[in-house]
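Worksheet: one structure, shown below.
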Amino acid sequence: MGAGTQVKFSPRSQSIAHLFRVNGFLTQARAGAPAAIASQFLFENGALFGLSPAELVSFTPVREAKDDGTGVTHLYLGQRLNGIQVFQSVIKTHVDAGGRVISVEGSYHPGTMPPSLAPRLSARDAATAAMRSTVPDLVEKSARRLPPFVSAAPPQSGARGTALVPVGLPAEDLTEIVPAGGPDRHTVFAPGLLADPIHANLVIFPSPNGSVLAWQVYLHAMDRQAAYTVLIDASSGNLLYRSNGYRFATNPN
């Protein structure tokens with residue numbers, strides 16, 4: 001890569017966050033498609049990235065965009081293990097019009113292994129947990145639209161009257177519109193009071209204590225600027241991560 005090459009590492013994962021060369025390129029010009037050039041560069045420098053050949057193979061193209069003004073192609077590789085996405089594990093490579101690698105950015109965890117346990121929670125369970133932890137007011141609002149009580153099973157012998165129990169929260173009555181499919185069991189539910197359908201799929205969540213199998217749930221709230229990505233532990237149901245996809249500009253004054 002030559003003199004002037006600089007490497008910045010992620011303090012969390014010790015992976016390469018940014019690899020570039022000051023006033024230069026990481027490679028000489030090469031012939032071929034940008035995707036092939038980027039892949040060749042990564043395999044040639046796998047040790048530097050802390051990734052074995054098997055790990056490098058797990059990174060596959062998810063997006064390719066070309067800047068018509070500069071001719072630079074931006075390639076995004078996402079990581080999948082056993083067909084399940086590793087959450088936010090991405091390597092981005094920039095290749096110029098002459099086939100030279102300009103720089104590489106990364107957000108990944110070397111040594112990530114697929115969890116050995118199968119999910120205990122269903123997609124419906126995960127969507128319910130995500131809604132309860134993230135938009136509880138909408139869950140309650142929807143609940144108030146239903147009759148407050150329903151008849152339970154016939155009372156035990158000797159009991160008086162008909163037993164009444166509170167209805168289940170609407171999140172527990174999610175209407176499935178696309179059944180689970182593929183290794184990640186991607187499932188889609190009707191939006192209800194949300195702006196868009198609710199998507200749920202399995203992902204691998206890297207952690208300091210090893211990989212965790214989780215459900216990734218997408219919730220787009222209609223009455224607020226909120227498009228949440230929520231991760232629910234597929235075994236315990238605990239909230240692992242939550243982020244709002246909306247970004248807000250603030251007035252520095």
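All values derive from a computational prediction rather than experimental measurement.
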Are [X] and [Y] in one and the same hydrophobic cluster, where Ile, Leu, Val, Met, Phe, Trp and Tyr link if side-chain heavy atoms are under 4.5 Å apart?
X	Y	answer
Leu219	Leu202	yes
Phe43	Phe59	yes
Ile37	Leu77	yes
Val86	Tyr218	no
Val62	Phe205	no

Between the side chains of [X] and [Y], is a donor N or O closer than 3.5 angstrom to an acceptor N or O?
X	Y	value
Asp125	Thr128	no
His94	Glu105	yes
His186	Asn201	no

Over all heavy atoms of both residues, which pair between [X] and [Y] is shortest? Give the atoms and the distance, please.
X	Y	value
Ala227	Tyr246	N-CD1, 3.4 Å
Leu81	Ser58	CD2-CB, 3.8 Å
Thr73	Lys66	OG1-CG, 3.9 Å
Ala38	Val95	CB-CG2, 4.4 Å
Glu64	Ala35	OE1-CB, 4.2 Å
Arg185	Pro119	NH1-CG, 3.5 Å

I'd like to know if the side chain of [X] reaches the main chain of [Y], judged simply by a donor and an acceptor atom lying under 3.5 Å from each other, with no hydrogens or angles considered.
X	Y	result
Trp215	Leu121	yes
Ser133	Ala130	yes
Asn244	Gln225	yes
Ser211	Met113	yes
Thr27	Val101	yes
Arg80	Gly83	yes
Tyr108	Phe49	yes

Calculate, to the nearest 0.5 Å, the distance between atoms CZ and CD1 belonging to Phe25 and Ile102 respectively.
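Nearest 0.5 Å value for the CZ-CD1 distance: 6.0 Å.
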Can you name the one residue among Val217, Leu174, Val230, Leu138 that meets side-chain contact (heavy atoms from CB on, under 4.5 Å) with Met131?
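Exactly one pass, corresponding to Leu174.
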Would you please test Phe41 and Leu19 for side-chain contact (heavy atoms from CB on, under 4.5 Å) and show each step?
CA-CA 12 Å; Phe41 176 79; Leu19 175 66; 3.9 Å; yes
Are [X] and [Y] close enough that some pair of their side-chain heavy atoms sits under 4.5 Å apart?
X	Y	value
Thr187	Val178	no
Pro110	Gln14	no
Gln28	Arg100	no
Thr112	Ser89	no
Leu231	Arg242	no
Leu51	Leu42	no
Val7	Phe20	no
Pro115	Val212	no

Apply side-chain contact (heavy atoms from CB on, under 4.5 Å) to Leu239 and Tyr241, showing your working.
CA-CA 6 Å; Leu239 176 67; Tyr241 172 94; over 6 Å; no
Before accepting this row, confirm whether a basic side-chain N of the pair Glu44/Arg30 lies closer than 4.0 Å to the acidic partner's carboxylate O.
yes
Asp137 and Arg224 ion-paired at < 4.0 Å
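Yes, Asp137 and Arg224 are salt-bridged.
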Check for me whether the distance between the ring centres of Tyr76 and His74 falls short of 6.0 Å.
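No - the distance between ring centres of Tyr76 and His74 does not fall below the 6.0 Å cut-off.
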Run the side-chain contact (heavy atoms from CB on, under 4.5 Å) test on Ile177 and Phe189 for me, step by step, so that the C-alpha distance in whole Å, both residues' side-chain angles and the decisive distance to 0.1 Å come before the verdict.
CA-CA 5 Å; Ile177 56 178; Phe189 299 96; 5.7 Å; no
Just checking Asn82: does its CG atom have more than 12 heavy atoms from other residues, nucleotides or ligands closer to it than 6.0 angstrom?
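Not buried by this count: 12 neighbours or fewer within 6.0 Å.
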Full working for side-chain contact (heavy atoms from CB on, under 4.5 Å) between Phe9 and Ile16
CA-CA 4 Å; Phe9 291 92; Ile16 289 181; 3.8 Å; yes
Determine whether Asn238 and Ser236 satisfy the following criterion, side chain to side chain donor-acceptor pair (under 3.5 Å), listing intermediate values before the conclusion.
CA-CA 5 Å; Asn238 292 334; Ser236 67; 3.1 Å; yes
